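Notes follow once the structure below has been shown.
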Amino acid sequence: MPTLTFIEHNGTAHQVKGDIGQSVMQAATFASVPGIPADCGGACSCATCHTYVDDAWLSKVQAAESMENDMLEYAFERRDNSRLSCQLIISEEMDGMVLHLPASQF
Amino acid sequence: MTLASVVIVGAGQAGFQVATSLRQEGYEGRITLIGDEPGLPYQRPPLSKAYLLGKIQDTNLLFRPADFYTAQRIDLLHDQVTAIDRQNRRVVLASGDAINYDHLVLATGAHNRPLPVPGAELPQVFGIKTKADADALAPLAKAARNVVVIGAGFIGLEFAAVAAALGANVHVLELAERPMARAVSREMSELFRQAHEQWGVHFDFREGLSRIDGDNGKVCAVQTADGRALPADLVVFGIGVIPNAQLATEAGLAIENGIKVDANLLTSDPRISALGDVANFPCLQNDEKHTRLESVQNAVDQARAVAARLMGKPAPYGALPWFWTDQGDLKLQIAGLSNGYDSTVVLGSAADKQLSVLCFRNDRLVAVESCNRMGDHMAARKILSRAPRLTAAEASAEGFDLKAWEAANRD
Ligand SMILES: Cc1cc2nc3c(=O)[nH]c(=O)nc-3n(C[C@H](O)[C@H](O)[C@H](O)COP(=O)(O)OP(=O)(O)OC[C@H]3O[C@@H](n4cnc5c(N)ncnc54)[C@H](O)[C@@H]3O)c2cc1C
Ligand code: FES
């Protein structure tokens with residue numbers, strides 16, 4: 001079970017265990033990490049599961065598909081390392097991965 | 001006003017969100033979430049899409065794992081509420097228990113309108129509403145050779161796309177003259193009709209059915225209204241829903257196409273709120289006419305509004321409606337309500353399956369339907385959430401780009 005670390009905008013860190021094949025969004029919401037409303041439940045339709053993948057881990061995640069990129073354009077404070085966490089599927093290589101949360105999802 | 005006990009009837013999308021949002025807002029009192037379905041609260045959208053295709057597992061449907069409810073002190077009861085006793089402020093459960101409330105939230109959703117023809121009771125005839133429906137349907141969908149879908153609405157078409165992908169011959173009967181006729185523009189209907197036909201789906205528009213024939217208790221054919229027999233081993237219908245308003249009716253609450261609520265989502269009893277699929281509310285985007293919407297957005301945003309009000313932060317509900325449906329490789333997203341638009345401007349190209357239809361009423365943008373143009377959808381949500389609105393003349397300009405207009409017109 002890979003472990004992921006979510007760091008809230010205020011610096012609070014949450015270590016979360018995720019299942020391989022589960023989305024990063026679901027691992028976070030299942031562990032009650034605050035600040036990820038994920039309104040559409042993972043359908044890539046709401047952009048309220050926005051996270052920043054820590055630069056050191058960017059190479060471990062597949063690139064965003066165009067649909068996700070389009071949605072991200074409208075996420076709050078998009079950066080180069082922005083990802084919709086419902087589109088990131090947990091794999092073995094992500095063990096230890098760090099993700100940062102934006103100040104807001106709306 | 002401090003409330004010692006909030007009781008929520010219905011543990012679906014809206015009921016779950018009210019409970020969760022109340023705790024997020026800092027509510028300390030008792031929360032009882034009562035649902036009559038087995039298992040933990042789950043989301044419905046994948047039931048007619050990814051879940052049926054086996055792309056996601058049942059744990060992926062859950063909103064939260066079991067320990068969440070304990071940790072958040074949400075008493076999740078698997079029971080059915082059989083009556084509301086308004087005088088004594090309590091609900092009566094099928095198990096015989098009664099639970100007192102200071103505030104009651106009705107989030108009872110809706111049930112599928114039944115198919116009103118002989119043969120509808122055969123075991124291979126399905127509506128899709130619950131996980132139980134999807135679990136029973138999934139193996140039949142995988143094995144089916146001839147599938148007849150009744151109704152070319154969102155759920156019927158989502159299922160048609162799934163059945164075609166699973167290799168069945170799919171025949172859709174629809175009374176209207178085009179798919180999703182009540183919900184989307186002609187241009188968008190046409191794109192979806194063509195896409196489904198490319199996937200092998202056959203449509204019969206302006207056509208109903210008279211009965212479903214069985215052989216040894218198994219579906220074997222669907223008789224169309226005009227007298228043809230379509231071979232079938234599986235029938236799935238999606239012909240609309242009926243709000244679960246019986247409890248509210250029996251309790252004497254105001255009823256009109258569901259439970260009638262005011263702009264604060266309060267019923268005719270100020271100690272009772274209603275929201276989600278069951279609630280008929282004055283909709284800001286529909287000239288404040290009473291409107292009942294069936295969508296995740298509506299359930300979630302109304303739940304947040306109810307939780308905020310219960311925590312002393314009342315505000316009339318006015319969130320922008322938005323919706324999505326996934327069919328094959330097409331994602332249709334709708335922002336706003338297109339009721340009564342009088343002109344459209346089309347962006348993109350149907351041939352590329354990338355299309356946005358901008359709907360205007362009195363030259364004001366009221367809704368945007370997008371197929372595989374998520375950027376347009378998100379831009380539309382921003383534009384529709386504020387004034388001034390885009391005009392049809394601006395949108396008709398050569399090379400018009402919705403996202404660029406949105407960026408240029410931010411405050
Ligand atoms: C197959 C399917 C696909 C969908 N796809 C999409 C989509 O792609 N996009 C989108 O935006 N929306 C979609 N929707 C719509 C969305 O799921 C609903 O709008 C949403 O679930 C409504 O939430 P709700 O809480 O009002 O009702 P529900 O989620 O239906 O929950 C109501 C619950 O209350 C329970 N209940 C009723 N009466 C009682 C009682 N007396 N006692 C105890 N419990 C009771 C019911 O059993 C049910 O569990 C879909 C719906 C379905 C069925
Ligand atoms: S949960 Fe909605 S886009 Fe990720």
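Proteins get letters first, then strands, A, B, ... in listed order; numbering begins at 1 in each. The structure displayed is predicted, hence computed values, not measured ones. Side chains are part of it too, since the values below use all heavy atoms of this structure and drop only hydrogens, waters and symmetry mates.
Using a 4.5 Å cut-off between heavy atoms, A:Ser32 touches chain B through its side chain atoms alone. Both the backbone and the side chain of B:Ala379 come within contact range of chain A, with heavy atoms under 4.5 Å apart. With a threshold of 4.5 angstrom between heavy atoms, B:Leu62 approaches chain A through its backbone and through its side chain.
Checking B:Gln297, B:Gln17, B:Arg304 one by one against A:Asp39, the side-chain contact (heavy atoms from CB on, under 4.5 Å) holds for a single residue, B:Arg304.
Electrostatic pairing of A:Asp70 and B:Lys331 does not count as a salt bridge here, judged by no charged N lying under 4.0 Å from a carboxylate O.
Contact check for A:Met71 versus B:Gln333: side-chain heavy atoms found under the 4.5 Å cut-off. Residues B:Asn372 and A:Met67 are not in side-chain contact: their nearest non-hydrogen atoms beyond the backbone lie 4.5 Å or more apart. Considering only heavy atoms from C-beta on, B:Arg381 stays 4.5 Å or farther from A:Tyr74 through its side chain. Using a 4.5 Å heavy-atom threshold, the side chains of A:Cys46 and B:Trp324 count as separate.
Counting all heavy atoms, side chain and backbone alike, A:Ser45 lies closest to B:Trp322 at O-CZ3, 3.6 Å.
Separating the CG atom in A:Leu72 from the CE atom in B:Met374 is a distance of 11.5 Å, to the nearest 0.5 Å.
Among A:Ala47, A:Cys44, A:Gly42, the residue with the largest count of heavy-atom pairs under 4.5 Å with chain B is A:Cys44.
Counted within 6.0 Å of CD on A:Glu92, heavy atoms from surrounding residues, nucleotides or ligands total 12 or fewer; the atom is thus considered open. Around NZ of B:Lys353, the count of heavy atoms belonging to other residues, nucleotides or ligands within 6.0 Å exceeds 12.
Judged by distance alone, the side chain of A:Gln26 and the main-chain N or O of B:Thr59 form a donor-acceptor pair under 3.5 Å.
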